[in-house]
Trainee: 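Sending over a structure as structure tokens; questions will come in a sec.
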Amino acid sequence: MARRIAHITKERVVKLVVAEKNIAAQKIAQLLADAGKPKNDKVYNTQVYRFTVDGEDWVSMGLAGHILAPDFPDEILFDKQNGWYSVSAEGEVLPADVPDGLARPPYDTKRKPFLANGISIKGWKVESLPYLTWAPIVKLPAEKEIIRVLKNLAKKADEVIIATDFDREGELIGADALNMVREVAPELPARRARYSALIKGEVTEAFNNLVELDQDLADAGESRQYIDLIWGAVLTRYLTLAKFGGFGNVRSAGRVQTPTLALVVERERERMAFVPEDYWQIRGMGEASGQEFKIAHTTVRFTDKAAAEAAFAHVSGAETGTVTAVAKRSRKQQPPVPFNTTALQAAAAAEGISPARTMRIAESLYMSGFISYPRVDNTVYPKTLDIEGIVKGLASGTPALAPVCKKVLAGPLTPTRGKVETTDHPPIHPTGQGDPTTLDGGQLKLYNLIARRFLATLMGPATIENTKLSIDVAGEPFAASGDVLVEAGFREAYPYGLKRDEQLPALAEGDVIDVRDIKLEAKQTEPPTRYSQGKLVQEMEKRGLGTKSTRASIIERLYAVRYLKNDPIEPSQLGIAIIDALSQFAPRVTTPEMTAELDADMTMVAEGKDTQDHVVDHSRALLAGMLDALIEHKDDLGEAISDAVTADARVGACPKCGKDLVMKTSAKTRGSFIGCMGWPDCDVTYPVPSGVKVSPLEGEAAVCPECGAPRIKCQPFRQKAYEQCVNPKCPTNYEPDLKVGECAVCREAGRAGGDLIAHKSERTGKRFIRCANYEECGVSYPLPARGKLEATGEVCEHCGAPVVVVETARGPWRICVNMDCPGKEKKPARGKAAAKKAPAKKTAAKKTTAKKAPAKKAATKKA
DNA sequence: GCAAGGTC
């Protein structure tokens, strides 16, 4: 056998197997190889697998999903005088009549795209949209390296076997690959292997029963591509051009993203339309055996104020209550089912990792061998999965999990099963391989979630015991309830989302307890909650929007184009305006029905009952039919969009002229600032703190009581958010200059007046220390942006620079102001005592490490 | 430089 492998040459291949991805190519090679392992090889840096089947030399390679991408040909980008869409000048041609009349008038391919009067970006032009609906589509190489390898291997092969995934997109990917093969080997025999699980039986069966590629199914997939592109491109261009907001401000739309956005907008509308209802609650504290617990009136919500007040009048002075009944009930919580992509995304979102980030991290964990393939619908482990081996691997590789692994191994190893069962890939699980200590923070967090979920699916239910006390307080019925986890079961491995125990004291009927703090609380019913990212992914799945591979990135896209903000998710005014516009003029693209109808059409094409051309042309005609109205209302809609963008940028009212103050971007520096919409008549501007995410405040907090300027919320990266007035001259921001020490450079030079003064820049809000003789000595030090500053009069024992105390959230922080000080303390000292500790010697500075700026340079800077 | 779908 070894000899036979040695005979494999790179020059001749009997059969070429083309899979959709590398892992599939590898698995197929392993499953089909005569004996021993397939030989890993590289062709132009792409992994391929060489092996023998009944003595024949085979090679398998993985694609990277779609290797061709559909697009409009470059020609349609050109302007009215020279572009092909000038056909309109020859007579009013209705879009519906165009398809066969796509005769192209002469155009100049050398001509550069142009931008004129804001009506056209690089050939995007509202007038061209009707023609765009009928424009031809070409498919161009998107994965050039892969195509190169594919063609190289095809030239040497006697037959090609398309072994892409067994679904619509897989058939299309295979058909695209075959088209590439045909460019170099037009006569090469080609067949298709259809397997639905990467296991021995399935794969050998598929390769023993090779079939023809299903062109109808591939056409269905391609129709999907075309329709998505046509609708997406036309509507995106239209929305973008309705009021061009500058480069980088694309207003996108699409078959999946727009209905998804509509879900969020719809929820926000429900919240806005929600009329809260008043209700009242009577609650207080109980105490027995020194243990406190919450008690509440058994009428959880009084809707009648008078009734609530009457009940409260009975109990308001009460000091004791009597236990009238004790009821204990235990309930079981079943262990969770195995993770598929959506469940993983939802669970990770609850732990603060967005679906998109989850997929990026999962991909990296998968590529480095820690977890299985992360894009799956399946929630049932296949019988072939070596569960015991994985648990053993976890036990030795992750010490923290070793005790629970041991318990699992002692049990029957019967996993839970979810509702969805597919056979292409197993649910997401740890592989039991790899050393988790090499992982970074996010990877470790996700890995732990996946590993713990896997163990949980092999464990028993958790038992929670609920105790309910019925208590009579001055004739009114009260109750107290406590949950205690009495048998951890799977919870020992999987604590996510577990509520804290609420233990009640041991009490019996007739016992008297102390009661206090009984209050009558006026409350209001809450509107429906906003979607979290995890919930939105689940809702998309429920409505058939997107796929396991695309949902996360589609949500991320909606954030990127600023239709969505915050988490839980809120639509921006822009997002709302987009939905308003499209539901008025192109309602089809705002609902999940477009996807449902597309799926139905695709089924017809796949079954040969309809054709790609017909289905795509029908969709084009539907879109074209909407364009007249869209174009007619271009200006209204542009205005609505631009108003919405202004509303999103608004941080408050101008204290000088009353117009809106908005976040703006400087054309010159690309930095942000706050400017008045009354410009140029009103010149009010404020700086925006750099390095923080700024958002407006609402209500009273939004206006500074001292100066009337807007107050904003500032969110530094991974730090606590704070609020501040945007006006640097406002007393709430103003700090008087503070002397913090003397300049060692000036003293050595015998220069008088070398006081080191702490300043705050009015323009940027930045704080720094500068010598009063700065022009001469150039001595300055940076300071932390926030925190009350105190001079100590001391100098640093290491470098002689002044020592100051900065008040931080965690207490005073004693620092030497010199960033380059050799004795630099890295972290703020904890506790008040820290300020008094570490006595700095009052020695004269031997040397200062402050940078000496040439006097001339400093003078120029100042000018 | 548009979408959504694969996967890297």
Side-chain angles (χ1 to χ4, degrees), chain A residues 19-25 45-47 61-72 74 76-77 113 115 120-125 128-129 132-133 135 137 139 142-146 164-165 167-177 218 220-241 244-261 341 359-360 362-364 366-368 373-376 424-425 540 544-558 560-561 589 594-595 598-599 602 619 623:
Chain A
E20 187 158 320
K21 47 194 165 263
N22 181 49
I23 187 190
N45 269 330
T46 294
Q47 188 68 250
M61 72 171 290
L63 304 172
H66 295 282
I67 55 171
L68 302 182
D71 206 349
F72 296 110
D74 278 350
I76 63 166
L77 298 184
L115 173 64
S120 168
I121 330 169
K122 290 185 180 175
W124 291 24
K125 205 169 166 121
S128 74
L129 292 178
L132 193 60
T133 56
I137 290 175
K139 288 183 84 170
E143 297 286 345
K144 295 207 175 82
E145 268 306 301
I146 300 268
T164 46
D165 292 359
D167 55 28
R168 195 166 72 209
E169 297 295 330
E171 208 72 13
L172 171 59
I173 290 165
D176 285 347
E222 196 165 62
S223 311
R224 196 273 311 148
Q225 283 190 321
Y226 289 178
I227 290 170
D228 282 343
L229 175 65
I230 293 162
W231 280 74
V234 168
L235 293 174
T236 298
R237 289 188 185 192
Y238 170 78
L239 293 168
T240 304
L241 296 171
F244 184 52
F247 294 101
N249 287 301
V250 166
R251 316 291 180 209
S252 71
R255 172 177 58 84
V256 178
Q257 63 167 266
T258 305
T260 303
L261 173 61
T341 302
M359 293 318 284
R360 280 192 293 270
E363 183 67 30
S364 74
Y366 160 65
M367 291 308 284
S368 44
Y373 189 71
R375 284 178 289 269
V376 290
D424 44 359
H425 298 280
M540 289 172 77
L545 293 171
T547 72
K548 58 188 182 293
S549 310
T550 59
R551 286 177 200 121
S553 63
I554 280 166
I555 294 173
E556 200 171 53
R557 171 90 187 137
L558 291 171
V561 295
V589 80
M594 181 164 172
T595 294
L598 182 78
D599 282 338
M602 296 310 99
S619 187
L623 176 63

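None of the values given here were measured: they were computed from a predicted structure. No hydrogens, no waters, no symmetry mates; every other heavy atom, side chains included, goes into these values. Chain letters run A, B, ... following the sequence lines, proteins first and then strands; every chain starts at 1.
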Trainee: Without decimals, in angstroms, what is the distance between A/Gln225 CD and B/dC2 P?
Mentor: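 Going from CD in A/Gln225 over to P in B/dC2 covers 18 Å.
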Trainee: Nearest of B/dA3, B/dT7, B/dA4 to any side-chain atom of A/Val256?
Mentor: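 Of the candidates, B/dA4 comes closest.
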Trainee: What integer distance in Å separates A/Ile23:CD1 from B/dT7:C1'?
Mentor: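 Interatomic distance, CD1 of A/Ile23 to C1' of B/dT7: 12 Å.
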Trainee: Using heavy-atom distances to pick each residue's nearest nucleotide on DNA chain B, tell me which of A/Ala253 and A/Lys21 is more 5'.
Mentor: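 With A/Lys21 and A/Ala253 compared, the 5'-side residue is A/Ala253.
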Trainee: Looking across every strand, which nucleic acid part, if any, lies under 4.0 Å from A/Tyr238 by heavy atom: base, sugar-phosphate, or nothing?
Mentor: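 Here A/Tyr238 touches no strand at all.
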Trainee: Want to settle it: does A/Gly254 or A/Leu63 sit nearer the 5' end of DNA chain B, counting the closest nucleotide to each?
Mentor: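 Result: A/Gly254.
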Trainee: For B/dC2, does either OP1 or OP2 sit under 4.0 Å from a side-chain N or O belonging to A/Thr240?
Mentor: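 It does not, given that no N or O in the side chain of A/Thr240 lies less than 4.0 Å from OP1 or OP2 of B/dC2.
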Trainee: Taking all atoms of both residues into account, what is the closest heavy-atom pair of A/Ala253 and A/Thr258, and its distance?
Mentor: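 Looks like CA-OG1, 3.4 Å.
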Trainee: Looking only at non-hydrogen atoms, find the nearest pair between A/Gly546 and A/Arg551 and report the distance.
Mentor: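 So the two residues come closest at O-NH2, 3.1 Å.
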Trainee: Between atom CG in A/Asn249 and atom C1' in B/dG1, what is the gap in whole Å?
Mentor: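 Checked: the CG to C1' distance equals 13 Å.
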Trainee: Drop me the distance from A/Tyr226's OH to A/Lys139's NZ, to the nearest 0.5 angstrom.
Mentor: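 Nearest 0.5 Å value for the OH-NZ distance: 5.5 Å.
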Trainee: Calculate the interatomic distance between A/Met359 atom CE and B/dT7 atom P; express it in whole Å.
Mentor: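 Going from CE in A/Met359 over to P in B/dT7 covers 10 Å.
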Trainee: Output the single nucleotide from B/dC2, B/dA3, B/dG6 whose closest atom is nearest the side chain of A/Asp228.
Mentor: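 It is B/dA3.
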Trainee: If you measure from CD1 on A/Ile146 to NZ on A/Lys144, what distance do you get to the nearest 0.5 Å?
Mentor: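 Reported value, rounded in 0.5 Å steps: 13.0 Å.
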Trainee: Return the OG to CZ distance between A/Ser619 and A/Arg224, rounded to the nearest 0.5 Å.
Mentor: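 It is 12.5 Å, given to the nearest 0.5 Å.
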Trainee: Just to confirm, is there a sub-4.0 Å distance from OP1 or OP2 of B/dA3 to any side-chain nitrogen or oxygen of A/Arg237?
Mentor: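 No, no such contact exists.
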Trainee: Could you please name the option among B/dC2, B/dG5, B/dT7 that lies closest to any side-chain atom of A/Arg224?
Mentor: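 Ranking B/dC2, B/dG5, B/dT7 by closest atom to the A/Arg224 side chain puts B/dG5 first.
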Trainee: Return the value, rounded to whole Å, for the distance between atom OH of A/Tyr226 and atom C1' of B/dG5.
Mentor: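 In whole Å, B/dG5 C1' lies 14 Å from A/Tyr226 OH.
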Trainee: Which nucleotide, B/dC2, B/dG5, B/dG6, lies nearest any side-chain atom of A/Ile554?
Mentor: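 Within the option list, the nearest is B/dG5.
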Trainee: CE of A/Met540 versus C1' of B/dA3: gap in Å, rounded?
Mentor: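 From A/Met540 CE to B/dA3 C1': 13 Å.
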Trainee: I want to verify a distance call: between B/dG6, B/dC2, B/dA3, whose nearest atom is closest to the A/Glu169 side chain?
Mentor: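 Minimum distance to the A/Glu169 side chain belongs to B/dG6.
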Trainee: Students often get this wrong, so: under 4.0 angstrom with heavy atoms, is A/Arg375 touching a base, only sugar-phosphate, or nothing?
Mentor: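 Touches a base.
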Trainee: Mind checking if A/Gly546 touches a base, just sugar-phosphate, or nothing, with heavy atoms under 4.0 Å?
Mentor: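 Counting heavy atoms under 4.0 Å across all strands, the contact made by A/Gly546 is with sugar-phosphate only.
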Trainee: Tell me: CE of A/Met602 to P of B/dG5, nearest whole Å?
Mentor: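 Rounded to whole Å, this separation is 12 Å.
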Trainee: Could you tell me the separation between the CG atom of A/Leu68 and the P atom of B/dG5, rounded to a whole number of Å?
Mentor: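 Going from CG in A/Leu68 over to P in B/dG5 covers 18 Å.
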Trainee: So if I take every side-chain heavy atom of A/Ser252 and compare against B/dT7, B/dC2, B/dG5, which nucleotide ends up nearest?
Mentor: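 Of B/dT7, B/dC2, B/dG5, B/dC2 is nearest to the side chain of A/Ser252.
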Trainee: Using a heavy-atom cut-off of 4.0 Å across all strands, would you classify A/Asp165 as base, sugar-phosphate, or nothing?
Mentor: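 Counting heavy atoms under 4.0 Å across all strands, the contact made by A/Asp165 is with sugar-phosphate only.
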Trainee: From the options B/dG6, B/dC2, B/dA4, select the nucleotide whose nearest atom is closest to the side chain of A/Thr547.
Mentor: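 Output: B/dG6.
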Trainee: Once you apply a heavy-atom cut-off of 4.0 Å, does A/Ser549 come out as touching a base, just sugar-phosphate, or nothing?
Mentor: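 Base contact.
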Trainee: Does A/Thr341 use its side chain to pair, donor to acceptor, with the backbone of A/Pro374 at less than 3.5 Å?
Mentor: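 A pair under 3.5 Å: yes.
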